[in-house]
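FYI, side chains are in, hydrogens and waters are out, and symmetry mates aren't considered; it's all heavy atoms of this structure.
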Amino acid sequence: MRRIIVLGFVSSLHRDRVPAVRGGIDRIVTSTDELRGLDINNAFVTALILSGGVSRLVREFAEDYGLRRLLLVSHPDFNSLASALDAKAILSEIGIDSGILHLDDLSGIDYALRVTRAIASILGVRVALLGVGAKDNVAKAFEDRVEARVDTIPMENLEELINNADEKIATEFMNTPKVGLSLRLVMRNLGTLVRYMPPCVVFMVSMMP
């Protein structure tokens with residue numbers, strides 16, 4: 001699973017007014033200076049929008065670090081949701097994929113972290129489309145959006161694979177703790193994942209060696 005980084009973005013005006021968030025946040029940011037030295041390499045980043053007035057800062061961060069995607073998390077207070085919506089629109093203009101997860105209040109940060117882990121767990125996965133002869137536009141979009149590899153297996157090839165499968169190897173693979181954990185994370189948060197990806201794509205996810 002990809003490494004996860006959670007950053008809290010807050011304006012200097014609100015920094016002393018926003019309640020402290022318990023755990024899970026790697027750094028609170030009010031300016032680009034506070035982003036220096038941050039190691040983002042190959043990580044999935046979640047931006048917790050703690051207050052309004054930070055959409056431009058989020059854009060600068062995403063551009064400076066060359067991000068392809070970003071999960072924006074908002075809450076009801078301090079104009080957080082409006083700022084997240086503005087950030088999403090700005091990111092879209094420069095080709096950065098983003099989605100917004102809105103919390104009832106900041107105490108829901110644990111839920112946001114679970115969603116973050118679920119999304120990170122499917123980045124770079126290998127997916128098999130069974131009984132399909134060629135990739136369609138949805139499959140190609142999925143490959144691009146989550147850096148996945150999509151293989152198509154026509155029905156005649158599938159029958160041959162099943163007939164020649166080594167049952168012992170297949171059982172050992174499915175019982176591997178890492179595989180089981182990834183699948184449980186995806187299934188536990190499937191309803192939320194649908195909000196960020198085409199529904200017909202989400203149900204194709206399978207962890208293949």
Side-chain angles (χ1 to χ4, degrees), residues 2 4-35 38 40 43-123 138 141-142 144-147 185-186 188-202:
R2 292 284 179 88
I4 294 169
I5 293 177
V6 181
L7 302 175
F9 289 84
V10 61
S11 69
S12 55
L13 177 66
H14 294 93
R15 182 153 194 161
D16 296 329
R17 298 170 57 193
V18 174
V21 181
R22 295 182 180 178
I25 298 182
D26 296 287
R27 188 175 299 188
I28 301 293
V29 179
T30 58
S31 70
T32 53
D33 290 340
E34 293 170 313
L35 291 167
L38 191 64
I40 300 293
F44 177 63
V45 181
T46 291
L48 176 59
I49 309 301
L50 292 169
S51 76
V54 297
S55 57
R56 300 292 171 182
L57 177 59
V58 171
R59 171 181 175 159
E60 288 180 35
F61 159 67
E63 280 192 305
D64 288 348
Y65 280 90
L67 299 184
R68 293 187 57 191
R69 65 183 59 79
L70 190 63
L71 176 62
L72 305 168
V73 179
S74 62
H75 63 100
D77 301 321
F78 303 105
N79 215 28
S80 167
L81 178 57
S83 191
L85 290 168
D86 191 29
K88 179 174 173 57
I90 291 173
L91 292 171
S92 178
E93 290 175 358
I94 58 176
I96 297 175
D97 194 18
S98 65
I100 297 175
L101 175 62
H102 186 64
L103 304 176
D104 292 335
D105 55 63
L106 280 175
S107 65
I109 186 65
D110 286 343
Y111 173 69
L113 292 175
R114 290 199 301 271
V115 173
T116 297
R117 286 192 291 269
I119 295 174
S121 73
I122 66 171
L123 293 177
V138 173
F142 180 74
D144 180 66
R145 192 164 188 184
V146 298
E147 301 173 21
L185 278 171
V186 171
R188 189 181 304 147
N189 296 281
L190 192 56
T192 302
L193 290 173
V194 168
R195 301 177 192 174
Y196 305 106
M197 299 175 191
C200 54
V201 171
V202 174

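Checking side-chain atoms of Lys88 against main-chain N and O of Ile100 turns up no donor-acceptor pair under 3.5 Å. For Ser51 (side chain) and Ser11 (main-chain N/O), a donor-acceptor pair under 3.5 Å exists by modelled atom type.
Contact check for Asp97 versus Leu91: no side-chain heavy atoms found under the 4.5 Å cut-off. Annotation: side chain of Arg117 is not in contact with side chain of Phe44 (no heavy-atom distance under 4.5 Å).
Scanning for salt bridge (Lys or Arg N to Asp or Glu O under 4.0 Å) contacts around Asp104 gives an empty result, with sequence neighbours left out. Residues that satisfy the side chain to side chain donor-acceptor pair (under 3.5 Å) test with Thr30, not counting sequence neighbours, are Arg15, Glu34. In this structure Thr32 satisfies the side chain to side chain donor-acceptor pair (under 3.5 Å) test with no other residue, sequence neighbours excluded. Considering only residues two or more places apart in sequence or on other chains, Arg27 meets the salt bridge (Lys or Arg N to Asp or Glu O under 4.0 Å) condition with none of them.
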Exercise. List the steps and the verdict of side chain to side chain contact (heavy atoms under 4.5 Å, CB included) for Leu48 and Ile109.
Key: CA-CA 9 Å; Leu48 176 59; Ile109 186 65; 3.9 Å; yes
Exercise. Evaluate the criterion side chain to side chain contact (heavy atoms under 4.5 Å, CB included) for residue pair Leu71 and Val45; output intermediate values, then yes/no.
Key: CA-CA 7 Å; Leu71 176 62; Val45 181; over 6 Å; no
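There is a side-chain donor-acceptor pair under 3.5 Å between Thr46 and Thr116.
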Taking only distance into account, with no hydrogens and no angle test, what donor-acceptor pairs under 3.5 Å do side-chain atoms of residues 56-64 form with protein atoms, sequence neighbours excluded?
from  : atom 1 : to    : atom 2 : distance (Å)
Arg59 : NE     : Glu63 : OE1    : 3.3

Enumerate donor-acceptor pairs with a distance under 3.5 Å from any side-chain N or O in residues 73-82 to protein atoms, sequence neighbours excluded.
from  : atom 1 : to     : atom 2 : distance (Å)
Ser74 : OG     : His102 : ND1    : 2.7
His75 : ND1    : Asp77  : N      : 3.3
His75 : NE2    : Leu50  : O      : 2.9
Ser80 : OG     : Ile49  : O      : 2.5
Ser80 : OG     : His75  : N      : 3.0

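Separation of atoms CG (Leu7) and CD1 (Ile28) is listed at 8.5 Å; rounding is to 0.5 Å. Considering CD1 of Ile25 and CZ of Phe9, their distance stands at 11.0 Å, rounded to 0.5 Å. The distance from the CG atom of Leu101 to the OH atom of Tyr111 is 6.0 Å, given to the nearest 0.5 Å. Ile90 CD1 to Ile96 CD1: the interatomic distance, rounded to the nearest 0.5 Å, is 10.5 Å.
Between Ser83 and Gly52, the shortest heavy-atom contact is CB-CA, 3.6 Å. Considering all non-hydrogen atoms of both residues, Tyr65 and Ile40 come closest at CD2-CG1, 3.4 Å.
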